[in-house]
2 protein chains.
Amino acid sequence: MVVYKPSSRDRLEEADIDRIFQALADATRRDILRQSMLREQSVSELARNYSMSFAAVQKHVAVLERALLVTKERRGREQIVHSNPAALRRAARLLDAYEALWRDRIDRLGDLLSEPGTEAPRPDTPGNDTRKDTQQ
Amino acid sequence: MVVYKPSSRDRLEEADIDRIFQALADATRRDILRQSMLREQSVSELARNYSMSFAAVQKHVAVLERALLVTKERRGREQIVHSNPAALRRAARLLDAYEALWRDRIDRLGDLLSEPGTEAPRPDTPGNDTRKDTQQ
DNA sequence: CTTATATACAACCATTTGGTTGTAGGTTAG
DNA sequence: CTAACCTACAACCAAATGGTTGTATATAAG
């Protein structure tokens, strides 16, 4: 009944995660990230790859930066973008955690199913449903 | 110079990925996803957990659904939300691919460093486009 | 039958997003 | 020094987001 009452520390965390996924939710930004993982480049160098204004790419880089997926380092008159794989790994692990969560549920369902005589696929047992949900 | 010219098939893929990350970029939606992984619930049942209107939660579920992270199944007067871990796994693997990409680069740098006398970490190798494109 | 519940959906609103152009300042090249 | 280049940043705009309320409809419960 409680649920979704993140501690003040978690709240910050959640906002971080928001920024990471939001940054990844744009194909141009994902490409910029990929490019800067392949080779560290200046913003304008990156910008040449896309059919949009320099300022637009600059903004995309800023979004990636805010999500800590990249950092910028001044080098003379240009700003070099380098990727920060730590944040990426964090996101990947987060998704793994979700998957693990689901696997746990399946395991529990497996336990239920292994109980003898419990065949009904849709009992009105208050202990909830027995769906397999192996979809896709 | 080319770059970012996704094939028409990739373009669809990219849009799918957009939707997945965008769906994950909101703490409430991530929580809804978690909830429905723990136990399949109706929309209104889910909605009771949050301090926002039913309609808002309904919209959040719709976003998750559009990203194929969950599906809905009518059961009597209520709509049961169940999670679809396949999409989640896809996203996790995508992030893994990015990481791998970065690891490749590090490996290449390692190679450079192991070459005697080659200290410069910033070679201006013009033969660029060493794209691996291990995406997805 | 009547009422309560679960959903669907439209209309509206404020804020954010993703893009543009324009201006200005710092840095390098000739 | 001057010109070209790279970046920063403001102002503006259309569209998408995340929320609201209100209305309608189908199903379940009494």
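Chain identifiers are assigned alphabetically (A, B, ...) following the order of the sequence lines, protein sequences preceding nucleic acid strands; residue numbering begins at 1 within each chain. What's counted below: heavy atoms across the whole structure, side chains too, no hydrogens, waters or symmetry copies.
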Undergrad: Verify, without hydrogens or angle tests, whether R75(B) (side chain) and S42(B) (backbone) share a donor-acceptor contact under 3.5 angstrom.
TA: no
Undergrad: For the side chain of Q35(B) and the backbone of L46(B), is there at least one donor-acceptor N/O pair under 3.5 Å apart?
TA: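 Answer holds: no.
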Undergrad: Any side-chain N or O of S44(B) less than 4.0 Å from the OP1 or OP2 oxygen of dT7(C)?
TA: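 Indeed, a polar side-chain atom of S44(B) lies that close.
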Undergrad: Could you run down the sub-3.5 Å N/O contacts of the protein with nucleotides 20-22 of chain C?
TA:
unit_1, atom_1, unit_2, atom_2, d
dT20(C), OP1, S53(A), N, 3.3
dT20(C), OP2, S53(A), N, 2.9
dT20(C), OP2, S53(A), OG, 2.6

Undergrad: Side chain of R105(B), backbone of L38(A): donor and acceptor closer than 3.5 Å?
TA: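 Checked: no pair found.
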Undergrad: Are the charged groups of E99(B) and R93(A) less than 4.0 angstrom apart, N to O?
TA: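 Salt bridge: no.
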Undergrad: Could you tell me the separation between the CG atom of L24(B) and the P atom of dG18(D), rounded to a whole number of Å?
TA: 12 Å
Undergrad: What is the distance, to the nearest angstrom, from the CD atom on Q58(B) to the P atom on dG22(D)?
TA: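 Checked: the CD to P distance equals 16 Å.
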Undergrad: Do the side chains of L68(A) and L33(A) join up, straight or via other hydrophobic residues, at under 4.5 Å, putting them in one cluster?
TA: no
Undergrad: To 10°, what angle do the rotation axes through the five end pairs on each side of the helix from dC1(C)-dG30(D) to dG30(C)-dC1(D) form?
TA: 30°
Undergrad: Can you tell me if R48(B) touches the phosphate of dT5(C), counting only side-chain N or O atoms and a distance under 4.0 Å to OP1 or OP2?
TA: no
Undergrad: Mind calculating the distance between CD (Q79(A)) and C1' (dC5(D)) to the nearest angstrom?
TA: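 Those two atoms, CD and C1', are 14 Å apart.
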Undergrad: May I ask you to test the Q79(B)-Q58(B) pair for a side-chain heavy-atom distance under 4.5 Å?
TA: no
Undergrad: Report yes if the side chains of L69(B) and L24(B) come closer than 4.5 Å at any heavy-atom pair, otherwise no.
TA: yes
Undergrad: Does any non-hydrogen side-chain atom of M52(A) lie less than 4.5 Å from one of T28(A)?
TA: yes
Undergrad: dT16(C) P sits how many Å from D18(A) CG, rounded?
TA: 13 Å
Undergrad: Which residue in the set E40(B), E65(B), E78(B) passes salt bridge (Lys or Arg N to Asp or Glu O under 4.0 Å) when paired with K72(B)?
TA: E65(B)
Undergrad: Looking at side-chain heavy atoms only, is the closest gap between V63(A) and Q22(A) below 4.5 Å?
TA: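 SC-SC contact between V63(A) and Q22(A) confirmed.
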Undergrad: What string of B, S and - do you get for nucleotides 25-30 of chain C, 5' to 3', if B is base contact, S is sugar-phosphate-only contact and - is no contact with any protein heavy atom under 4.0 Å?
TA: --BBS-
Undergrad: In whole angstroms, how far is the P atom of dT7(C) from the NE2 atom of H60(B)?
TA: 16 Å
Undergrad: Between F21(A) (CZ) and dT16(C) (P), how many Å, whole number?
TA: 21 Å
Undergrad: Rounding to a whole Å, what distance do you find between I80(B):CD1 and dA6(C):P?
TA: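 About 11 Å, once rounded to whole Å.
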Undergrad: Rounded to the nearest Å, what distance is computed from the CD atom of residue Q41(A) to the C1' atom of nucleotide dC6(D)?
TA: 15 Å
Undergrad: Quick one: on DNA chain D, does R29(B) or K72(A) contact a more 5' nucleotide (nearest heavy atom)?
TA: K72(A)
Undergrad: Has R29(A) got a side-chain atom pairing as donor or acceptor with A23(A)'s backbone, closer than 3.5 angstrom?
TA: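 At least one qualifying donor-acceptor pair exists.
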